[in-house]
*Asks:* 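The structure's right below; bear with me while I get my questions together.
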Amino acid sequence: MPLLSDLFEHGLLVETGIHGVYGRGPEFERVLLAFDDLVTRAAAADEPETLRFPPVVPRRQLEDAGFFNSFPHLVGTVFALQGDELHESATELALLPAACYPVYPAIAARGPLPRDGVTVDTGPAYVFRHEPSDDPGRLQSFHMRELVRLGAPETVQSWQRAWRDRALELLRGLGLEAEADVGADPFFGRTGKMLADSQRGQQLKFEILAPIEGPTAVASFNYHQEHFSSTYGIELEGGGGAHTACLGFGHERIVLALLRQHGLDVAVWPAEVRSELRL
Ligand code: ATP
Ligand code: ZN
């Protein structure tokens, strides 16, 4: 039986009739929350600042950050009926496509960064990407937990690499056959291919892959250099543009990889994995 039907059958996911939009049953949710707590424990040493944002953003923010240009195929915007007229029109909102977008303008608005920069924890944010698929690992609506680092270039770069290694260790500690690799974003169109090649060439993005139906990115590490700081004017304490990086865990993909690795009955998962997750 294909994995997705099996997940429905076991009540782990709940069908809605739309590809990539699923409800979560109690066991799936228990593992998802347990993994989220594990990330909280792993991130505690960074003493991140907690900032939570809703799953909608001002559309303008995504335009300014270049998301509409680079990923028009993934965007979801919010339309609403105008009073009692039966026609819909666009609101000023879009669906949040990655947890970190609202963080940059919010930090920029405070003025120059403190000396050691800033680390933000977005918590598990609901994000949307318009990429309908019957691959159980490719959802349209899912949770992304991001840590975001803003600071001097060397600080940000070494933070990104250190987290790639920490995250790899954390996922292997859960019995996953996880591997790190250089990655690229799914930029749109022909210029998109050039952007992706350049991102790969400069090793700006790393991914950790684990098997679901095939090798799937369960966590990603992006180094944006001065992209967001020049968009919003984020400055270092003594002047000069800050650099930024973020890492994102894809919570549903991680739960799916664990189910694929250890079986659909969480009660009989290996004791070490259950204890690591405090299940
Ligand atoms: P992919 O290359 O698989 O489309 P991505 O490189 O676009 O993923 P990011 O934008 O870096 O992914 O997002 C961070 C994390 O969010 C990914 O590592 C992954 O775990 C998760 N993620 C991304 N897209 C999806 C999706 N459609 N469904 C479920 N999880 C996703
Ligand atoms: Zn991000």
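Read the numbers this way: they start at 1 and go in the same order the structure lists the ligands and their atoms.
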*Asks:* E169: what forms a side chain to side chain contact (heavy atoms under 4.5 Å, CB included) with it, not counting sequence neighbours?
*Replies:*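 By the side chain to side chain contact (heavy atoms under 4.5 Å, CB included) rule, E169 matches no residue at all.
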*Asks:* Rest of the hydrophobic cluster containing L81 (Ile/Leu/Val/Met/Phe/Trp/Tyr, side-chain heavy atoms under 4.5 Å)?
*Replies:*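 Besides L81, the cluster holds no residue at all.
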*Asks:* Tell me which part of Q140 gets within contact of ligand 1: side chain, backbone, both or neither, using heavy atoms under 4.0 Å.
*Replies:*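 None of Q140 does.
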*Asks:* Test side chain to side chain contact (heavy atoms under 4.5 Å, CB included) on H130 and F71; report intermediate values, then the result.
*Replies:* CA-CA 10 Å; H130 186 235; F71 310 107; over 6 Å; no
*Asks:* V218 versus ligand 1: do any nitrogen or oxygen atoms come within less than 3.5 Å of each other?
*Replies:*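 Yes, since at least one N or O of V218 sits under 3.5 Å from an N or O of ligand 1.
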*Asks:* Tell me if a side-chain donor or acceptor on Y104 pairs with a main-chain N or O of P102 at a distance below 3.5 Å.
*Replies:*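 Side chain of Y104 to backbone of P102, a donor-acceptor pair under 3.5 Å: no, none is there.
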*Asks:* Measure the CG-CE distance between L139 and M144 for me, rounded to the nearest 0.5 Å.
*Replies:*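 One gets 11.0 Å once the value is rounded to the nearest 0.5 Å.
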*Asks:* Please work out whether any backbone atom (N, CA, C, O) or any side-chain heavy atom from C-beta onward of M144 is under 4.0 Å from ligand 1, and answer side chain, backbone, both or neither.
*Replies:*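 The answer is the side chain.
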*Asks:* Just jot down the ligand 1 atoms closer than 4.0 angstrom to any heavy atom of E207, in number order.
*Replies:*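 Heavy-atom distances to E207 below 4.0 Å select 2 (O), 6 (O).
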*Asks:* Could you tell me the residue and atom name of the protein heavy atom closest to atom 4 (O) of ligand 1, and the distance to it rounded to 0.1 Å?
*Replies:*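 Of every protein heavy atom, R138 NH1, 3.0 Å lies nearest to atom 4 (O) of ligand 1.
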*Asks:* List every atom of ligand 1 that sits less than 4.0 Å from any heavy atom of G137, numbering the atoms from 1 in the order shown and giving each element.
*Replies:*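 Taking each heavy atom of G137 in turn, ligand 1 has 28 (N), 29 (C) under 4.0 Å.
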*Asks:* Mark yes when over 12 heavy atoms from residues, nucleotides or ligands other than R110 sit less than 6.0 Å from its CZ; otherwise mark no.
*Replies:*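 Counting other residues, nucleotides and ligands, CZ of R110 exceeds 12 neighbours.
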*Asks:* Specify the protein heavy atom at minimum distance from atom 22 (N) of ligand 1: its residue, its atom name, and the distance to 0.1 Å.
*Replies:*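 Here the closest protein heavy atom is F142 CE1, 3.4 Å.
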*Asks:* L139 to ligand 1: N or O pair under 3.5 Å?
*Replies:*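 Yes; at least one N/O pair falls below 3.5 Å.
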*Asks:* Quick check: does any side chain N or O of E252 sit under 3.5 Å from a backbone N or O of G137, one acting as donor and the other as acceptor?
*Replies:*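 Such a contact is absent between E252 side chain and G137 backbone.
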*Asks:* Starting from atom 3 (O) of ligand 1, what is the nearest protein heavy atom, named by residue and atom, and what distance separates them?
*Replies:*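 Answer, as residue, atom name and distance: R253 NH1, 3.0 Å.
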*Asks:* Quick check: closest heavy atoms across F228 and A65, and the distance to 0.1 Å?
*Replies:*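 Where F228 meets A65 most closely, the heavy atoms are CE2-CB, 3.8 Å.
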*Asks:* What do we get for K205 next to ligand 1 when only non-hydrogen atoms under 4.0 Å count, side chain, backbone, both or neither?
*Replies:*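 The part of K205 near ligand 1 is the side chain, not the backbone.
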*Asks:* Under 6.0 Å between ring centres: does that hold for F28 and Y22?
*Replies:*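 They do not qualify: ring centres at least 6.0 Å apart.
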*Asks:* Which distance, rounded to the nearest 0.5 Å, do you find between the CG of D181 and the CD1 of I208?
*Replies:*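 These two atoms lie 11.0 Å from each other.
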*Asks:* Mind listing the protein N/O/S atoms less than 2.8 Å away from the Zn ion (ligand 2)? Waters don't count.
*Replies:*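 The answer, once waters are left aside, is C100 SG, E146 OE1, C246 SG.
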*Asks:* Looking at ligand 1, does any of its N/O atoms fall within less than 3.5 Å of an N/O of P186?
*Replies:*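 Between P186 and ligand 1, no N or O pair is found under 3.5 Å apart.
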*Asks:* Check whether more than 12 heavy atoms from other residues, nucleotides or ligands sit under 6.0 Å from atom CD of E29, and answer yes or no.
*Replies:*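 Check passes, neighbour count above 12.
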*Asks:* Any non-hydrogen atom of E131 lying under 4.0 Å from ligand 1?
*Replies:*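 True for this residue.
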*Asks:* If the condition is side chain to side chain contact (heavy atoms under 4.5 Å, CB included), which residues does D265 pass it with, not counting sequence neighbours?
*Replies:*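 D265: side chain to side chain contact (heavy atoms under 4.5 Å, CB included) contacts with A267, V268.
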*Asks:* Taking the six-membered ring of F206, is NZ or CZ of R164 closer than 6.0 Å to its centre and within 45° of its axis?
*Replies:*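 Checked: cation-pi criterion met.
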*Asks:* One residue to check: A219. Relative to ligand 1, which of side chain, backbone, both or neither has a non-hydrogen atom less than 4.0 Å away?
*Replies:*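 The answer is the backbone of A219.
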*Asks:* Please compare P136, S220, C246, A217 and report which has the shortest non-hydrogen distance to atom 19 (C) of ligand 1.
*Replies:*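 Looking at heavy atoms only, the winner is A217.
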*Asks:* Where is the nearest protein heavy atom to atom 5 (P) of ligand 1: which residue, which atom, and how far?
*Replies:*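 Here the closest protein heavy atom is R129 NH1, 3.9 Å.
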